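Data first, discussion second: the structure below is written as structure tokens.
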There are 2 protein chains.
Amino acid sequence: MNLIEINKALSNQVRIDILHWLKDPEKNFPPHKELGHFNFGVCLVFIKNKADLSQSTISQYMAQLQNVGFVTATRLGKWTYFKRNEENIENYIQQLQKEL
Amino acid sequence: MNLIEINKALSNQVRIDILHWLKDPEKNFPPHKELGHFNFGVCLVFIKNKADLSQSTISQYMAQLQNVGFVTATRLGKWTYFKRNEENIENYIQQLQKEL
DNA sequence: ATAACAAATCGGTAATTATAGATTTATTAT
DNA sequence: ATAATAAATCTATAATTACCGATTTGTTAT
């Protein structure tokens, strides 16, 4: 949970957008027909479609957001679902408040 | 005052360090003998010495921090003094809190 | 006006990041 | 087993960033 690494993750518009979309899946993504809910977050295909970037790029972006602890990934069958980790996001803001 | 631009400015360790040092000039820098105070902040030479990077690099870094509104620059004679803009820094954190 | 020095700007190179396509590794349905 | 599909990983290229040295621009002291 390094501040610089997090700031790097947040210095790209697409990754910021993704985090923002994940705040309200119902509003920003079509429903998961397999699952019927967003309890585990949103599957990568939907994020990719919304961001309009390649699968590999989005997969890498999500890995970066995972690495800094801002999202969790849950694999269910073929799909991986990504969900914000609110606690870590808040902690980061706290840390920023202190150290900045 | 763009979020991404600010995050970029904050994704470099040296710039983060500088912002941190500027929080407490008395503690982090030798006294300004010309001026006798840090009311306008800290002069570039001192920041450069502390960061141990070239004059041009530090000048550029300070310009970046200025561009995002995190420091103000005051030229007095030959020297330019840099001071944190606490209001803008706080605003940024607020904005982050909302948009993230 | 000239010398001296601080800071800004310009032009360059090495390192890093953004992004893609191809390949590989799950996982499920036939 | 095989085909189909989702996601991760590997390799590559273009764009951006991290610096630096050289030059220019301000400012002050001679």
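A quick note: this is a predicted structure, and the numbers were derived from the prediction, not measured. Per chain, numbering begins at 1; letters A, B, ... match sequence-line order.
Within the nucleic acid shown, T80(B) comes within 4.0 Å of sugar-phosphate atoms alone, with no base atom in reach, counting heavy atoms only. S56(B) comes within 4.0 angstrom of a base, heavy atoms only.
Contact annotation: the side chain of F38(A) never approaches that of D24(A) to less than 4.5 Å [non-hydrogen atoms, C-beta and beyond]. Residues L3(A) and Q95(A) form a side-chain contact, since some pair of their non-hydrogen atoms from C-beta on lies under 4.5 Å apart. Within the 4.5 Å cutoff, side-chain heavy atoms of M62(A) are placed close to those of I18(A). Looking at heavy atoms from C-beta onward, Y61(B) lies out of side-chain contact with I47(B) at the 4.5 angstrom threshold. Considering only heavy atoms from C-beta on, F70(B) comes within 4.5 Å of L100(A) through its side chain. Residues N7(B) and N12(A) are not in side-chain contact: their nearest non-hydrogen atoms beyond the backbone lie 4.5 Å or more apart. Residues N28(B) and V42(B) have side chains not in contact (no heavy-atom distance under 4.5 Å, counting atoms from C-beta outward). Taking the side chain as every heavy atom from C-beta outward, L44(A) and Q55(A) approach each other to under 4.5 Å.
Rounded to whole Å, the distance from CD on E5(A) to C1' on dT17(C) is 12 Å. Regarding I4(B), its CD1 atom lies at a distance of 13 Å from the C1' atom of dA18(C), rounded to whole Å. The distance from atom NZ of K8(B) to atom P of dT16(D) is 8 Å, rounded to the nearest whole Å. Per the geometry, OH belonging to Y81(B) stands 10 Å off C1' belonging to dA6(C), to the nearest Å. Between the CG atom of N67(B) and the P atom of dT17(D) there is a distance of 13 Å, rounded to whole Å. When rounded to the nearest whole Å, the span between CD of Q64(A) and P of dA8(D) equals 13 Å. One atom, CD of Q13(A), and another, P of dT19(C), lie 11 Å apart when rounded to the nearest Å. For the pair I58(A) CD1 and dA18(C) C1', the interatomic distance rounds to 11 Å; values are reported in whole Å.
Of the side-chain N and O atoms in Y61(B), none sit less than 4.0 angstrom from OP1 or OP2 of dT17(D). Side-chain N/O atoms of S59(B) include one lying less than 4.0 angstrom from OP1 or OP2 on dA8(C). The phosphate of dT17(C) (OP1 or OP2) has no side-chain N or O of N12(A) nearer than 4.0 angstrom.
Within residues 32-55 of chain B, the residues that place at least one heavy atom under 4.0 Å from DNA chain D are, in residue-number order, L53(B), S54(B).
Mapping Q60(A) and F82(B) onto DNA chain C by nearest heavy atom places F82(B) closer to the 5' end of the strand. Between Q66(B) and R15(A), the residue whose closest nucleotide on DNA chain C is further toward the 5' end is Q66(B).
Of the listed residues (F46(B), W79(B), F40(B)), just one forms a ring pair (Phe, Tyr, Trp, His ring centres under 6.0 Å) with H32(B), and that residue is F46(B).
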### Letter per nucleotide, 5' to 3', of nucleotides 24-30 of chain C [B base touched, S only sugar-phosphate touched, - untouched; heavy atoms, 4.0 Å]
---BS--
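Remark: E86(A) CD to K23(A) NZ distance equals 7.0 Å, nearest 0.5 Å.
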